[in-house]
Amino acid sequence: MYPLWHPSRSRDRSFTHPLDHAALDHASGGHVPAANILLVDSDDAAAAQLTETLAGSGYDVTTVATADEAFDRAPAFDVLVIDVLPGSSAAADLVVRIRATSGINNLPILCVTLSDDVEERIAFLESGADDVMGRPFDARELEARLEALLLRLQRSRSRGLVGDPSQGAPGLDRVIVVFSPKGGVGTTTVAVNLALAAAERAPDRVLLVDLDLQWGQAATHLNARATRTIIDVVHDPQALRDGDLLRSYATRHGSGLHLIAAPASAGLGASIGPDALQALIRTALDAFDIVLIDAGSDLDERSVAVLDVADAIVLPIAPEIPALKPVVQLIEYLNEAGSGADKTTVVLNHRASRQIVSTSQIEGLLGQKVKAELPFDEAAFQRAANEGDPVVHSAPRSAAAAAFGRLATTILGPGPAPVPVPEKRTGGLLRLRR
């Protein structure tokens with residue numbers, strides 16, 4: 001069994017309680033040059049307040065009053081800030097329109113809401129906004145959030161993961177790793193639903209690899225009978241070199257998703273080393289467009305090797321103090337080890353009906369924005385797990401499915417609209433199979 005991984009450059013880390021507001025002051029960690037901001041605001045007083053605040057921070061601000069004018073002028077700006085627009089859905093509709101338009105679909109978008117209502121924030125994030133903040137706001141927080149957006153965009157462009165609007169379409173994140181240092185936060189749920197959402201765009205071109213080598217349950221979540229597992233793959237040296245042969249070891253799901261399942265029993269995965277995993281990933285890229293990996297929650301040599309080759313890391317978290325401490329430590333480790341905290345997408349899983357630690361507090365603690373939020377829907381997620389039919393397929397019109405669609409767009413960029421799937425018609429348990 002591989003031991004818990006302790007990086008040589010690790011150090012003692014203090015953990016500040018998320019409710020200690022003085023410790024949650026958000027700093028960008030780097031200077032961003034002045035940017036051109038397009039502000040969409042139909043309220044003159046609100047527009048004047050935001051313009052004064054942004055100009056005082058060194059930004060060049062241009063204000064427009066309508067969604068159509070904002071859409072037409074967006075290509076000439078670095079950031080879009082949406083404040084007040086007439087109509088309950090006008091702002092979200094503008095975000096959706098921009099995200100669906102080649103050339104401006106990677107424009108950073110910050111939405112300002114009239115309150116700090118979580119449902120309103122979720123609606124903006126699901127429509128494609130990069131960040132959301134509510135009124136009343138502090139000028140320092142607004143500046144920090146804008147700097148964080150610009151820094152993230154600069155880093156992504158420098159790595160070729162996000163295209164410059166002046167230089168064509170964005171690059172594709174081909175290796176996507178879902179990992180959390182805390183179990184029980186929905187890592188497999190996120191991995192399976194994100195993989196299905198990707199497979200809807202590209203059937204038979206997406207591979208899900210279950211690297212939770214002790215307790216992996218991706219096959220159970222998909223109600224898939226896996227006759228071969230990752231053990232069979234790594235014990236066949238030819239399969240680690242031949243994409244077509246490796247593909248034959250995968251189990252095909254009815255959605256067009258392919259799965260390499262975890263070992264059938266907990267002890268079998270001990271023989272799998274990091275070199276074999278990296279070879280598997282390299283060869284899988286010869287046979288599939290996207291390789292999505294459920295890396296579990298153990299930080300050891302195997303997961304470190306996988307995180308190191310990832311193009312994108314999806315980090316599910318829960319809004320609970322015990323679950324946040326290891327996340328802070330993981331992000332620090334990624335920063336220290338150069339494995340790419342800048343390529344991490346934080347997904348907040350609302351596992352309870354009431355959120356005690358706010359999203360803004362979590363973002364301040366992590367030093368990263370929450371890019372996606374999964375709504376609390378205990379019944380839908382329990383039914384999906386028990387029936388082996390993830391929510392993006394069993395409840396495609398649910399808020400949870402919409403959130404996964406938004407996450408897929410965040411990671412993969414805009415894609416064709418998925419074919420509508422009828423709601424599940426039966427209740428009761430299906431027979432779970434491995």
Side-chain angles (χ1 to χ4, degrees), residues 88-89 91-93 95-96 99-100 111 117-129 132 176 178 180 184-201 203 206 208 217-218 220-224 253-257 292 294 314 316-319 345-355 359 370-412 414-430 432:
S88 59
S89 63
D93 290 343
V95 177
V96 171
R99 290 294 180 243
C111 292
D117 179 67
V118 66
E119 294 300 327
E120 191 174 4
R121 291 203 312 272
I122 290 173
F124 275 120
L125 290 169
E126 289 179 348
S127 68
V132 183
I176 303 165
V178 184
S180 179
V185 299
T187 302
T188 298
T189 295
V190 171
V192 169
N193 281 277
L194 181 57
L196 283 176
E200 285 180 343
R201 300 165 174 233
V206 179
L208 172 62
Q217 294 296 319
T220 301
H221 279 244
L222 291 165
N223 199 28
H253 186 258
S255 63
L257 173 67
L292 200 144
D294 177 358
V314 179
I317 66 172
T345 296
V346 177
V347 179
L348 178 56
N349 186 4
H350 292 276
R351 301 189 303 168
S353 58
R354 182 170 178 268
Q355 182 176 344
T359 301
V370 172
K371 292 288 287 183
E373 298 189 44
L374 303 181
F376 173 71
D377 193 341
E378 185 177 18
F381 282 114
Q382 283 188 352
R383 182 172 61 250
N386 288 333
E387 296 183 355
D389 199 358
V391 294
V392 297
H393 184 266
S394 62
R397 291 186 290 273
S398 66
F404 283 118
R406 163 70 187 113
L407 178 59
T409 298
T410 297
I411 301 297
L412 303 172
V419 177
V421 180
E423 293 281 2
K424 280 284 286 187
R425 49 295 127 197
T426 61
L429 299 179
L430 296 181
L432 299 181

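Looking only at side-chain heavy atoms (C-beta outward), Leu292 and Leu194 come within less than 4.5 Å of each other. Side-chain contact between Val370 and Val347 is absent, with no heavy-atom pair separated by less than 4.5 Å. By the 4.5 Å heavy-atom criterion applied to side chains, Glu373 and Leu348 are counted as neighbours. Proximity of Pro390 to Thr189: side-chain heavy atoms (C-beta onward) are nowhere separated by under 4.5 Å. Using a 4.5 Å heavy-atom threshold, the side chains of Val190 and Val185 count as separate. Under the 4.5 Å side-chain criterion, counting only non-hydrogen atoms from C-beta, Leu412 is in contact with Ile176.
Between the CD atom of Glu387 and the NE2 atom of His221 there is a distance of 13.5 Å, given to the nearest 0.5 Å. Rounded to the nearest 0.5 angstrom, Leu374 CG and His350 NE2 are separated by 8.0 Å.
For the pair Asp389 (side chain) and Leu222 (backbone), a donor-acceptor distance under 3.5 Å is absent. Between the side chain of Asn193 and the main chain of Phe404, no donor-acceptor pair closer than 3.5 Å is present. Listed for the Thr345 side chain is no donor-acceptor partner under 3.5 Å among the backbone atoms of Lys371. With hydrogens and angles ignored, the 3.5 Å screen pairs a side-chain donor or acceptor of Arg406 with a backbone N or O of Leu125.
Residue Asn349 comes nearest to Gly186 through the heavy atom pair ND2-CA, 4.0 Å, listed as atom of the first residue, atom of the second, then distance. For the pair Ala129 and Val95, the tightest heavy-atom approach, listed with the atom from each and the gap, is N-CG1, 3.4 Å. Taking every heavy atom of both residues into account, Pro375 and Phe381 meet most closely at O-CE1, 3.8 Å. Residues Ser180 and Thr187 share a closest heavy-atom pair of CB-OG1, 3.5 Å. Closest approach of Ser394 to Ala384, counting heavy atoms only: OG-CB, 4.3 Å. The heavy-atom pair separating Ala197 from Ala408 by the smallest distance is CB-CB, 3.9 Å.
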Practice item. Let me see the working for Leu196 and His253 under side-chain contact (heavy atoms from CB on, under 4.5 Å), right down to the final yes or no. Key: CA-CA 9 Å; Leu196 283 176; His253 186 258; 4.0 Å; yes
